[in-house]
Amino acid sequence: MNLFAQMRDDVLDALRAMVADGALPEGLGFDNVTVEPPRDAAHGDMATNAAMVLAKPAGLKPRDIAADLAVRLEGLERVASAEVAGPGFLNLRLDASVWTQVVETILQDQAYGRSDTGQGARVNVEYVSANPTGPLHVGHTRGAVFGDALANLLDFTGWDVTREYYINDGGAQVDVLARSVYLRYLEAHGQDVAFADGTYPGDYLKKVGADLKEQVGDRFVGTGEEVWLESIRDFATDAMMDLIREDLASLGVEMDNFFSEKSLYGTGRIEAALQALDDKGLIYRGTLEPPKGKLPEDWEEREQTLFRSTAHGDDVDRPVKKSDGSWTYFAPDIAYHYDKIERGFDALIDVFGADHGGYVKRMKAAVSALSDGKVPLDVKLCQLVKLWKNGEPFTMSKRSGNFVTLRDVVDEVGADVTRFTMLTRKNDAPLDFDFAKAVEQSKDNPVFYVQYAHARIRSVQRKADALEIATGVPQLTDPAEVDVARKLAEWPRLVEIAARNHEPHRIAFYLYELASSFHALWNRGNDDASLRFVQEDDVIASAGKLALPAAVAAVLTSGLGILGVTPLEELR
RNA sequence: GGACCAUUAGCUCAGCUGGAUAGAGCGCUGCCCUCCGAAGGCAGAGGCCAGAGGUUCGAAUCCUCUAUGGUCCGCCA
């Protein structure tokens with residue numbers, strides 16, 4: 001039940017009636033008519049712009065349309081008053097019964113806030129997709145949380161969601177991994193080894209080297225790369241993917257599918273994807289202009305195989321084959337997205353780090369070309385995370401020596417705090433993550449404030465249970481109670497907006513606002529005992545008061561669920 | 001040279017499909033509370049929404065240009 005959507009339907013009904021009566025001309029489009037919460041509560045509970053939007057096409061004055069509409073809407077049961085304001089706004093005040101109905105609905109309907117706007121369409125959300133060369137670090141953590149919450153949000157709004165991880169196991173970096181593991185392997189055999197530039201020196205490979213020794217003994221000692229490279233590469237990437245899966249699990253992230261880049265090679269799948277582009281006349285041999293401004297030192301003009309991405313919105317055409325005939329990184333990526341399209345997804349979402357921003361246009365061009373514009377690709381970029389502790393930059397790493405890992409963060413503050421905090425900024429804004437503030441118990445810590453609201457409600461409910469007071473029909477008398485109910489009424493609308501924009505951070509901000517509004521009511525109970533939820537000497541009144549916190553808890557639980565955060569029963 | 005993202009209160013940031021007098025937390029100022037369902041409450045001051053044009057009934061929001069900051073720019077992934 002979305003109260004705003006319902007009221008919009010009522011407004012549209014009234015407008016149609018006005019057309020039928022000749023008060024409005026035929027053939028008007030109502031698409032731009034909105035019903036929204038007014039910015040200023042003094043303007044009432046809802047406002048519609050109908051009169052202003054329709055004035056011009058109807059050739060009438062906005063205030064005249066609004067006045068007529070007001071009379072019709074005032075006839076509705078749930079509208080207490082309708083008042084023309086400003087240039088032609090129609091401000092609606094709702095009957096008090098509407099708010100108790102909202103609370104009742106939440107208590108009865110487990111699915112409150114869910115919607116079917118996705119209509120069961122299939123969406124693929126690709127996120128994390130870190131190279132399988134080491135543990136996940138902080139940057140991956142943000143992408144993991146963002147992608148996961150977005151996937152939850154889309155599921156909540158009726159999409160059929162697949163969570164997917166693209167394993168970059170086909171490029172040169174996994175060869176580097178293999179060589180690094182080989183060094184650890186030699187080390188496990190008691191040799192002194194030196195890590196040259198271009199190898200991964202992290203401690204996390206020691207165990208992999210030791211495990212390799214365990215498995216193959218000394219078979220690779222003293223042999224050349226041509227002997228061991230391939231098998232160590234497989235061994236090492238498997239080990240790294242196990243590590244990464246564990247990292248993700250510690251954060252509560254579970255993928256539906258891991259897609260291997262390597263599986264695209266030698267199987268004709270890259271060739272098939274490029275053939276599909278070729279069939280559309282989008283592949284050609286040619287040379288690119290050097291980048292303007294600063295000419296690279298070693299620039300020389302070379303002929304390459306190019307994808308005409310400019311035909312689909314890119315700025316320059318992009319090479320898919322290097323001048324030596326091998327694939328660029330872009331080629332398997334095209335094949336991967338082609339595979340997603342062929343799997344029948346209706347929409348694709350890629351979550352990348354902001355440093356891949358330059359890659360967005362060519363990827364969109366490829367998907368547009370391969371799907372004939374039928375499958376939309378949205379690329380969400382996550383900006384950097386800066387870590388702090390008590391105002392000091394935080395660079396500790398127990399595991400890698402040079403970067404803070406996902407595990408470092410989760411060990412420090414826990415998965416729930418990590419997840420919520422990562423969503424307290426828009427994805428494309430840089431995020432300051434302060435370990436001390438993230439676990440601070442104060443009002444300026446949104447994680448705590450939201451959890452605190454939930455814990456308070458649970459505390460009240462335990463008290464009510466002890467007194468054998470059941471939750472009854474909601475009674476909302478005080479304005480502070482109605483404020484909370486009004487906030488609850490916004491939830492379904494908020495969810496729809498967040499899902500449509502692919503912006504899960506909106507959920508976190510909403511939960512903070514809901515918690516604030518609840519805490520305000522609670523605080524009034526400190527001064528005015530009649531506003532407390534449990535009235536020890538009045539079971540009837542208590543039953544009526546307990547409905548509102550129960551509804552708040554339900555929405556908090558629901559919202560935290562989208563973020564992947566477990567609500568706390570009590571604070572310690 | 002070009003592309004993308006950003007620019008909103010002293011600070012850190014929200015701001016919906018374009019909607020009315022642009023919000024929150026911190027900090028600041030003042031008052032209240034020490035009650036318990038601890039981890040305070042209430043109120044106030046504080047804004048040329050980077051700048052300039054444009055679109056329209058209406059722009060922080062859309063378009064163009066400019067400034068500043070960040071990221072990226074064939075043969076890395």
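Residue numbers begin at 1 in each chain, while the letters A, B, ... track the order of the sequences.
Ser326(A) pairs by the side-chain hydrogen bond (donor to acceptor under 3.5 Å, both in side chains) definition with Asp324(A), not counting sequence neighbours. Remark: Glu468(A) engages no residue in a side-chain hydrogen bond (donor to acceptor under 3.5 Å, both in side chains) (not counting sequence neighbours). Remark: Val360(A) engages Lys364(A), Val379(A), Leu381(A) in a side chain to side chain contact (heavy atoms under 4.5 Å, CB included) (not counting sequence neighbours). For Lys426(A), there are no side-chain hydrogen bond (donor to acceptor under 3.5 Å, both in side chains) partners, not counting sequence neighbours. Listed by chain and number, the residues in a ring pair (Phe, Tyr, Trp, His ring centres under 6.0 Å) with Tyr165(A) are Phe258(A) (sequence neighbours excluded). A search for side chain to side chain contact (heavy atoms under 4.5 Å, CB included) contacts involving Val555(A) returns Ile106(A), Tyr112(A), Leu488(A), Trp491(A), Tyr510(A), Leu514(A), not counting sequence neighbours. Under the ring pair (Phe, Tyr, Trp, His ring centres under 6.0 Å) criterion, Tyr200(A) pairs with no residue at all, not counting sequence neighbours.
Within the 6.0 Å centre-distance limit, the rings of Tyr512(A) and Tyr449(A) are counted as a close aromatic pair.
Counting non-hydrogen atoms under 4.0 angstrom, Tyr512(A) reaches the backbone sugars and phosphates but no base. Within 4.0 Å of Val316(A), counting heavy atoms only, lies no atom of the nucleic acid at all. Among the atoms of the strands shown, none is found under 4.0 Å from any heavy atom of Leu306(A). The residue Asn523(A) sits close only to the backbone: its heavy atoms come under 4.0 Å of sugar-phosphate atoms, none of a base. Among the heavy atoms of the strands lying under 4.0 Å from Pro319(A) are primed sugar atoms or P, OP1, OP2 only; no base atom is included. The residue Ala55(A) sits apart from the nucleic acid: no heavy atom pair falls under 4.0 Å. Nucleic acid contact for Gln441(A): base, since at least one base atom lies under 4.0 Å from a heavy atom of the residue.
Rounded to whole Å, atom P of G40(B) lies 6 Å from atom CZ of Phe448(A). Atom CZ in Phe330(A) sits roughly 15 Å away from atom C1' in C72(B) (whole-Å rounding). Distance, Leu521(A) CG to C42(B) P: 12 Å, rounded to whole Å. Rounded to whole Å, the distance from CD on Glu440(A) to P on G25(B) is 15 Å. In this structure, NZ of Lys487(A) is placed 13 Å from P of G23(B), rounded to the nearest angstrom. In this structure, Phe89(A) atom CZ and A20(B) atom P are separated by 6 Å, rounded to whole Å. Here C76(B) presents its C1' atom at 14 Å from CZ of Arg318(A), a figure rounded to the nearest Å. His43(A) places its NE2 atom 14 Å from the P atom of G19(B), with the value rounded to the nearest Å.
With C1' as the reference atom, G18(B) and U55(B) are 11 Å apart, rounded to whole Å. C16(B) and A6(B) are spaced 12 Å apart, taking the P atom of each and rounding to whole Å. Nucleotides C49(B) and C11(B), compared at atom P, are 16 Å apart to the nearest Å. Rounded to whole Å, the separation between the C1' atoms of G58(B) and U21(B) comes to 15 Å. Using C1' as the reference atom, G40(B) and C4(B) are 46 Å apart when rounded to the nearest Å. Spacing of P atoms, U29(B) relative to G23(B), comes out at 24 Å, to the nearest Å. One P atom belongs to A52(B), the other to A14(B), and the distance between them is 24 Å to the nearest Å. Taking atom C1' on both A22(B) and C65(B), the two are 26 Å apart, rounded to the nearest angstrom.
Salt-bridge annotation for Arg506(A) and Glu503(A): present, with a side-chain N of the basic residue lying under 4.0 Å from a carboxylate O of the acidic one. A salt bridge links Lys487(A) with Glu490(A); the closest basic N to acidic carboxylate O contact falls under 4.0 Å.
In this pair, Tyr336(A) and Tyr166(A) present their aromatic rings parallel. The plane angle is below 30°, not in the 30 to 60° band.
When distances are taken from the side chain of Asn131(A) to each of A77(B), C75(B), G19(B), the shortest belongs to A77(B).
Each ring pair (Phe, Tyr, Trp, His ring centres under 6.0 Å) pair with one or both residues in residues 427-447 of chain A, not counting sequence neighbours, appears once here: Phe394(A)-Phe435(A), Phe433(A)-Phe435(A). The side-chain hydrogen bond (donor to acceptor under 3.5 Å, both in side chains) analysis of residues 46-64 of chain A, with sequence neighbours excluded, yields the pairs Thr34(A)-Asn49(A).
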Any protein N or O atoms within reach of nucleotides 34-37 of chain B? Criterion: under 3.5 Å, listing atom names and distances.
residue : atom : partner   : partner atom : Å
G37(B)  : N7   : Lys463(A) : NZ           : 3.2
G37(B)  : O6   : Phe533(A) : N            : 3.2
G37(B)  : O6   : Val534(A) : N            : 3.3

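RNA chain B is contacted by both Lys56(A) and Gly358(A); Lys56(A) maps to the nucleotide lying nearer its 5′ end (nearest heavy atom per residue). Judged by closest nucleotide on RNA chain B, Pro38(A) is the one of Pro38(A) and Gly170(A) placed further toward the 5' end.
When each of His356(A), Lys380(A), His337(A) is tested with Asp350(A) by the rule side chain to side chain donor-acceptor pair (under 3.5 Å), just one qualifies, namely His337(A).
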Assign a letter to each nucleotide of nucleotides 11-18 of chain B from its 5' end: B, base within under 4.0 Å of a protein heavy atom; S, sugar-phosphate only; -, no contact.
-SSSSBB-
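OP1 or OP2 of C4(B) sits under 4.0 Å from a side-chain N or O of Lys361(A).
Taking a pair as Watson-Crick or G-U with both hydrogen-bonding distances under 3.5 Å, the stems of three or more pairs touching RNA chain B are B:1-7 with B:67-73, B:10-13 with B:23-26, B:28-32 with B:40-44, B:50-54 with B:62-66.
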